[in-house]
Amino acid sequence: MHIKKYLLKCLHRLQKGPGYTYKELLVWYCNNTNTHGPKRIICEGPKKKAMWFLITLLFTSLVCWEWGVFIKTYLSWEVSVSLSIGFKTMDFPAVTICNASPFQYSKVKHLLKDLDELMEVVLERILAPEQSYGNASKALNSTIWNYTPLVLIDEQNPHHPVVLDLFGDNHNGSAPGRTCTAQACKVAMRLCSLNGTVCTFRNFTSATRAVTEWYLLQATNIFSQVPNQELVEMGYPAERLILACLFGPEPCSYRNFTSIFHPDYGNCYIFNWGMTEKALPSANPGAEFGLKLILDIGQDDYVPFLTSTAGARLMLHEQRSYPFIKDEGIYAMSGTETSIGVLVDKLERKGEPYSQCTMNGSDVPVRNLYSDYNTTYSIQACIRSCFQDHMIRNCSCGHYLYPLPHGQRYCNNREFPDWAYCYSHLRMSVAQRETCINMCKESCNDTQYKMTISMADWPSEASEDWIFHVLSQERDQSTNITLSRSRRKPEEGGTGNEREASQWYSESATSQRKGIVKLNIYFQEFNYRTIEESAANNIVWLLSNLGGQFGFWMGGSVLCLIEFGEILIDFVWITIIKLVAFAKSLRQRRAQACYAGPPPTVAELVEAHTNFSFEPDVPGPGPDPGTYPDEQTLPIPGTPPPNYDSLRLQPLDIIESDSEGDAV
């Protein structure tokens, strides 16, 4: 019952509204608000009223402008970077090592035979065209050359350059038999599609770079048609590459490395990858507690035209992450001892909406082709997966250097003769690179290893004899492979034999030095740096600045804002009440317009509802004496119904008071 009374009071309050007019409500607000300016507008004289009105309006506008600036700054989601230094025992990083040459030449020579013969003739015609054209050339496999030939471009006349084909007829109206050297002409690669109807030239400033790129492109075509298992067998096995291994005081071997196949470097081996076992911690900082390796790169079995760099390629990275060793790795030179001191930087980025980073790559719209290795997400994997996806969509085949999705095929000249043209066009496309960069996101948490590298000749001249002798014996006992020798050792005895023996030792040491690499990888210290992003402007900063400006310019607070909000609600409610009253009066005027005379009374409406033969008296403009005779009396008007109180409309407050009186 009490709840019903309360609801009736609330309904009556809503029907009455605030009970003020606009002017009364504004005056009440200015007299009672805690903001200083509006009070002076009411209390002062006419001139001061105008002055205080302008001052209040100016400061109100200034506060609103500053609020807009602060809110815009907050919504820009800026970050601040903090640097902290910690100290703890850390896990040793994963170490990936590869040979600079992806394959052993003795095992891939049969695949590259035609290409190597063609390469030799190409070099002869570029360097000495007169002699090479005069000599009788041997039979060459021209099929390889016809797909993507090298040409010489004579630009003596820049407006009409002349293209000279090394093995065919010249183009652009050049004279037959005209020759040009690499010094006078530019070497370019001709790439064609649609059966040679659409061609483009990729120019090079160096003939060395031109022939290297051309050979790599042709080798890619050959290796893409070889099964992956055969490619692994053609690379350097772990037992041949890794001669010695020591992690801290514990010995290790090639069996402690995980093998993966990298298209650029062949067989690569990862130490402490953490895929099947827990990551190894480093006991202490310093060179004595790191990883020590001796590698035999077998430089005498390098592919001559495919690899022009000798040494070992290595990279330090996190556990369970794929090593993009071509982009992030470093070279260790043969015949040297390379010491690598490691410092750790941990990056922690803020996620949405502060930066476009991802925790695990699940929100990146690019299929990660490196997920088959069960590795974590990285932006390098995303960009390469995106490029391979564009390669498949535009060229109908995948590139040999990137993982291949299921159901797709690698590009080769036999099945996809236009793939080189398509690949070159896609590789040079700025739009493609921007698309992939915009689609891929950085990882929110990342660990970077900063390396301090130092090198020294190893072994020294005084110790190289016994070191190479011991290494040779260890290799012979383990795998029956000896370190490379330049020639057979001469027999001892005699002055001449001593001279030959000395020369043999010198040449043997030089040959062995070219194939041996020693590595020392260790933590310089256990201090690590954490670079962390945090919100530059949080909600506390925003509220303090908004309140500070409001209080400084207008002397207000949060309560003043609540008062202002209350006044706005009253203004809206008064407007609604007035609109309802206006609509009601308009409806009444329309109802009155439906009757010719005055509207019927309540009694007439009730009688008409209960007595169907009842007709109300409609007074005319005046009595007509001829209508009724003198002897006939006027008709008796209809008897009105009883005056029932139930038909009388009463306000809610009267009903409420009556009910309260009855209760008493």
Side-chain angles (χ1 to χ4, degrees), residues 6-82 350 353-354 534-589 651-653 656:
Y6 180 74
L7 293 177
L8 289 174
K9 288 182 180 180
C10 293
L11 180 62
H12 180 56
R13 171 62 179 167
L14 292 176
Q15 288 179 346
K16 291 180 62 179
Y20 302 104
T21 62
Y22 289 124
K23 182 178 180 180
E24 292 174 347
L25 188 63
L26 185 61
V27 172
W28 179 89
Y29 171 74
C30 293
N31 286 328
N32 294 276
T33 183
N34 291 321
T35 309
H36 302 302
K39 292 182 179 180
R40 306 299 297 271
I41 297 176
I42 300 299
C43 300
E44 300 294 340
K47 294 183 179 180
K48 288 189 176 181
K49 281 185 178 181
M51 181 188 69
W52 277 104
F53 176 77
L54 294 177
I55 292 176
T56 304
L57 183 62
L58 175 63
F59 286 169
T60 302
S61 302
L62 183 61
V63 168
C64 292
W65 174 75
E66 290 181 341
W67 279 8
V69 172
F70 287 125
I71 293 174
K72 182 179 179 181
T73 302
Y74 174 76
L75 295 179
S76 62
W77 310 115
E78 297 178 353
V79 297
S80 60
V81 180
S82 61
K350 292 282 289 184
Y354 294 95
S534 59
N537 307 313
N538 53 23
I539 189 65
V540 176
W541 173 89
L542 178 64
L543 294 178
S544 62
N545 281 279
L546 296 181
Q549 296 300 321
F550 186 48
F552 178 75
W553 293 107
M554 300 189 66
S557 63
V558 177
L559 296 178
C560 297
L561 296 178
I562 297 176
E563 292 175 353
F564 186 71
E566 181 186 7
I567 295 301
L568 290 180
I569 295 174
D570 289 342
F571 264 80
V572 172
W573 192 244
I574 291 175
T575 303
I576 294 175
I577 295 296
K578 288 184 176 295
L579 291 176
V580 171
F582 175 76
K584 186 182 297 184
S585 63
L586 183 62
R587 188 168 56 251
Q588 291 177 355
R589 286 196 297 269
L652 290 175
D653 53 353
E656 181 181 355

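Values below: all heavy atoms of this structure, side chains included; hydrogens, waters and symmetry mates excluded. Residue numbers count from 1 along this sequence.
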Query raised in the report: Would you say Tyr74 and Ile539 make side-chain contact, with heavy atoms under 4.5 Å?
Result: yes
Query raised in the report: Mind checking whether Asn537 and Leu542 have side chains closer than 4.5 Å, heavy atoms only?
Result: no
Query raised in the report: How many angstroms lie between atom CH2 of Trp573 and atom CG of Leu568, to the nearest 0.5 angstrom?
Result: 15.5 Å
Report summary line: In this structure, CG of Leu62 is separated from CG of Leu57 (nearest 0.5 Å) by 11.5 Å
**Report entry** Main-chain N/O of Thr73 paired to Ser76 side chain as donor or acceptor, under 3.5 Å
**Finding:** yes
Report task. Could you pull out the closest heavy-atom pair between Trp77 and Tyr354, with the gap in Å? Result -> O-CD2, 3.5 Å
Report summary line: The reported gap from CD1 in Ile574 to CD1 in Ile577 (rounded to nearest 0.5 angstrom) is 9.0 Å
Query - Sequence neighbours excluded - side chain to side chain donor-acceptor pair (under 3.5 Å) pairs with any residue from residues 543-557 - result: Glu66-Trp553, Gln549-Trp553
Query raised in the report: How long is the span from the CZ atom in Phe53 to the CG atom in Leu58, to the nearest 0.5 Å?
Result: 11.5 Å
